[in-house]
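In what follows, a structure is listed as structure tokens, so that the remarks can point back to it.
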Amino acid sequence: MKFKYILPLFVLAFYACSTEKEQVLEVKSPNSEIAVNFNVNAKGKPFYTVMFNNKTVVDTSYLGFDFKDVEDFSENFKIKNTATSSFNETWQMPWGEQLDVVNKYNELKVELQENNEAARSMNIVFKVYDDGIGFRYEFPEQDNFKGEVYINDEHTEFNLTEDYKTFWIPGDWDIYEHLYKTTKLSELDALQYANHNDLAQTYIPENAVNTPVTMVGADGTHLSFHEAALLDYSGMTLKVDTKNFDLRSNLVGSRNTDYKVKKTVPFHTPWRTIQITDNAPELIESKLIVNLNEPNKLGDVSWFTPMKYTGVWWEMHLGKSSWDYGMTQDMSTWTEGGKSNGTHGANTENVKRFIDFSAKNNMKGVLVEGWNTGWEHWIGFEDREGVFDFVTPYPDYDIEEVTSYAKEKGVEIIMHHETSAATETYTKQQDTAYALMQKYGMHSVKSGYVGKILPKGEYHHGQYMVNHYNNAAIKAADYEVAVNAHEPIKATGLRRTYPNIISREGLRGQEFNAWASDGGNPPEHLPIVAFTRMLSGPIDFTPGIFNIKFDEYKPDNQVNTTIAQQLALYVVIYSPIQMAADLVEHYEANPEPLQFIKAVGVDWQQTKVLNGEVGDYVTIARQERETGDWFVGGITDENARTLDLTFDFLDENQKYEAIIYKDGENAHWDNNPLDITIEKIDISKDSKLSVKLAEGGGFAISIKKV
Ligand code: NOJ
Ligand code: CA
């Protein structure tokens, strides 16, 4: 059901002021807790403020644009026209954290016009929701500003009123795979940030951070800054003025152009967003980012089914096997039948082992990395164009046999396209590559963009790459292919419009625990990620490592959580595809905890965040769409803690059986990560349960009606 109506003027209040210019426009959230005020100052500079529960959270913040070769759009404006409206619809996610999403907001559109002969116009549109705000600039069709225009930078300000505790990663133009830092805004120092990433090409031009960046105020106000609907534009980082607690937009650029974004008038920017709540759990429940995107343009995407998957993956990160075939020749002289060094992971027999394991354990997918030729010439090579073709298997991988074997077992092979950031090759090969997938009935691809972008001079987060990622997904949809990009552009809710954009990396994933020289992701990583990166969209984190220490492969590395936390991640970290990332033999050695991964849902009817504090802990309950069963997951940082749970989300007068997988008495992420206690109890809506989480620990519960 969908309805839209124009509200009478009560959301729009004109305060009586001395001069006409000082009229303040106000628009409030449906529950009136958030209020945005807008005006132009005496110089005609547009600005806005944001109040939350009668407190100013964003003080006078100017809005404007700097274009190449034309006068700035920043002052000398008058308010020509304003319009307000209200919107209330409930839409359904084809897959997601919940089925029904309420999209309810009040809108204020302000048409600004220059007070000069050129009389150029710029509109600013605010949408104010109960969980935050979004605003964007629109440049309408006009006589004195037309054709192609070049944006040097956007001057969007967020001037904050206090020294927030801030959870941030640096504003790297190439990669989001950094550890989060927790500092006061006044102590934020992105330029001093050590590069924790063995693969990144760090470029941090200012004291800037990437978004989502989340902040907690002294009175418990929670803010998270991000953007929505990033299409044909550059990603936005935020430059931090530590003295004044001010944030400024800083768009990602390119070394190939002397501007950052090229557009053709008329156009509009992505939405600039602030999620605003008075507690941490509601940040995760917020649907602001998807709501600010356009409705589904693909129609029925039921060819993609949310799934758990295993795969030929972790074994390469551990060094047990290789992506490449071990050919000694250069690719240019390689001929079919070239010799393997015997470690190639993606061979028919090994993949069949994963297919059998998936089929037995209620997992619908098997990811196969390293199946195609080209891996001899990726990381470390400058000339990466023309290497991968995404259709030629290595000699020991029989794609025909593997896909038909999988089909027999009710399993789908997940395609892997490592582009090595050679974008021109990938763009050229896409039709052929997706057509091959269609031929074999493969409906999802994991793509990868390791390395510096080719063409040289482009960055992963600039306009060129934003278009590349989006166009790849849009084209993939023509072949009924869903995309999970690694080294991606950040999620901005486009999954609403293009629901074949299923998941992505865009953070330090599990892989870092296998090889990072800094010791991997510390126990606080995911309790921060849940309130930062996860606000933007699904994460392909690849949980479920049972062999936490893997000393036989990498004595200096380990996963820095307990095994119980690895289970909890299937519920806490949302993605419509969830990997059971460990090796078959490691699961077979631990059949009891494996029962949880086997049982856990992956597509949800509803989600409730039961408790949480940013960076400390979080507990989430999700109800599976298909069965109505509930699953609860809780994780903590390096501190042990006891969490008290209630189950009021369960049905009235109904008995349930709960299986609890929790840290054992002596569990500890480092000293004793495998200590786990599994127990079965009866519960109902009125039950109360205290669960003890170890340092770096967690718990998972499956709840079924009896
Ligand atoms: C980096 C990705 O994050 C990882 O999952 C993948 O295995 C490698 N690239 C190879 O494509
Ligand atoms: Ca990666």
Side-chain angles (χ1 to χ4, degrees), residues 169 172 174-179 195-202 210 309-325 343-346 351 354 365-381 384 387-388 390 394 414-423 425-426 433 444-453 460-461 465 469 472 483-491 502-518 520-521 525 529 533 538-545 554 559 573 575 577-583:
I169 51 170
D172 190 329
D174 257 319
I175 202 119
Y176 307 112
E177 297 179 22
H178 291 281
L179 286 177
N195 182 11
H196 284 276
N197 188 332
D198 301 16
L199 294 177
Q201 285 72 51
T202 304
N210 263 308
Y309 69 101
T310 62
V312 184
W313 179 75
W314 187 238
E315 59 182 75
M316 277 90 89
H317 288 272
L318 289 184
K320 180 191 173 193
S321 68
S322 61
W323 282 274
D324 63 90
Y325 190 60
T343 63
H344 182 223
V351 173
F354 279 96
V366 173
L367 166 71
V368 185
E369 292 202 3
W371 67 278
N372 59 326
T373 57
W375 292 87
E376 283 71 17
H377 201 92
W378 70 307
I379 289 183
F381 291 87
R384 286 168 280 122
V387 174
F388 284 116
F390 316 101
Y394 280 122
I414 299 174
M415 178 46 94
H416 186 232
H417 291 165
E418 174 53 66
T419 68
S420 71
T423 60
T425 301
Y426 192 50
S444 53
V445 62
K446 170 177 170 180
S447 56
Y449 293 83
V450 170
K452 282 191 183 162
I453 296 295
H460 282 74
H461 309 155
M465 281 308 291
Y469 293 114
V483 178
N484 160 28
H486 279 227
E487 299 78 51
I489 186 64
K490 58 186 155 184
I502 45 175
S503 196
R504 79 189 69 211
E505 190 187 42
L507 85 168
R508 276 181 55 133
Q510 185 87 277
E511 62 184 14
F512 276 79
N513 294 326
W515 41 253
S517 51
D518 60 15
N521 302 328
H525 184 57
V529 162
R533 160 69 182 84
I539 305 177
D540 188 33
F541 181 76
T542 65
I545 299 304
K554 296 276 190 87
V559 172
I573 302 297
S575 173
I577 48 163
Q578 284 285 26
M579 189 171 203
D582 212 339
L583 312 181

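Note that these values count all heavy atoms, side chains included, but never hydrogens, waters or copies made by symmetry. Both counts, for ligands and for their atoms, begin at 1 and track the order of listing.
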- [ ] With sequence neighbours left out, write down each residue that passes side-chain hydrogen bond (donor to acceptor under 3.5 Å, both in side chains) with S575, or none if nothing qualifies.
- [x]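 Residues passing side-chain hydrogen bond (donor to acceptor under 3.5 Å, both in side chains) with S575: S503.
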Open item on the list: Suppose we screen for side-chain hydrogen bond (donor to acceptor under 3.5 Å, both in side chains). Which residues come up paired with H486, at least two apart in sequence or across chains?
Closed with: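 Here the qualifying residues are E505, D540.
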Contact between [X] and [Y] at the side-chain level, heavy atoms closer than 4.5 Å - yes or no?
X    : Y    : value
T419 : T425 : no
W375 : E418 : yes
W515 : K554 : yes

- [ ] Just to the nearest 10 degrees, tell me the angle at the Ca ion (ligand 2) spanned by E505 OE1 and E177 OE2.
- [x]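 Rounded to 10°, it measures 70°.
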- [ ] Report yes or no: does a heavy atom of K446 sit under 4.0 Å from some atom of ligand 1?
- [x]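 Distance cut 4.0 Å: K446 passes for ligand 1.
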Task: Proximity to ligand 1 by part of W378, non-hydrogen separation under 4.0 Å - done: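 Near ligand 1, W378 shows its side chain, while the N, CA, C and O stay back.
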Open item on the list: Residue-level breakdown please: for E505 versus ligand 1, do any non-hydrogen atoms fall below 4.0 Å on the side chain, on the backbone, on both, or on neither?
Closed with: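 Only the side chain of E505 comes within reach of ligand 1.
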Quick check: [X] and ligand 1, any N/O pair under 3.5 Å apart?
X    : answer
E511 : yes
E369 : yes
W375 : no

Numbered atoms and elements of ligand 1 in range of [X], under 4.0 angstrom, heavy atoms:
X    : result
V450 : 1 (C), 9 (N)
H486 : 2 (C), 3 (O), 5 (O)
E418 : 9 (N), 10 (C), 11 (O)
H416 : 11 (O)

Open item on the list: For Y176 and H461, I'd like to know if the aromatic rings sit close, meaning centre-to-centre distance below 6.0 Å.
Closed with: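 Aromatic pair counts; centres sit under 6.0 Å.
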TODO: Would you tell me whether Y394 and H344 have side-chain atoms, one donor and one acceptor, within less than 3.5 Å of each other?
DONE: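 Side-chain D/A pair, Y394 to H344: absent.
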Open item on the list: Could you identify the N, O or S atom of E511 positioned closest to the Ca ion (ligand 2)?
Closed with: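 Of all N, O or S atoms belonging to E511, OE2 is the one nearest the Ca ion (ligand 2).
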Open item on the list: Of all the N, O or S atoms in E487, which has the shortest distance to the Ca ion (ligand 2)?
Closed with: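 Of the nitrogen, oxygen and sulfur atoms in E487, the Ca ion (ligand 2) lies nearest to OE2.
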TODO: Fit a plane to each ring of Y449 and Y426, take the angle between them on a 0 to 90° scale, and name the class: parallel (under 30°), tilted (30 to 60°) or perpendicular (over 60°).
DONE: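 Taking Y426 first and then Y449, their aromatic rings stand perpendicular (interplane angle over 60°).
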Open item on the list: On a heavy-atom basis, which atom in K446 and which in E369 lie closest, and how many Å separate them?
Closed with: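 Here K446 and E369 meet closest at NZ-OE2, 2.6 Å.
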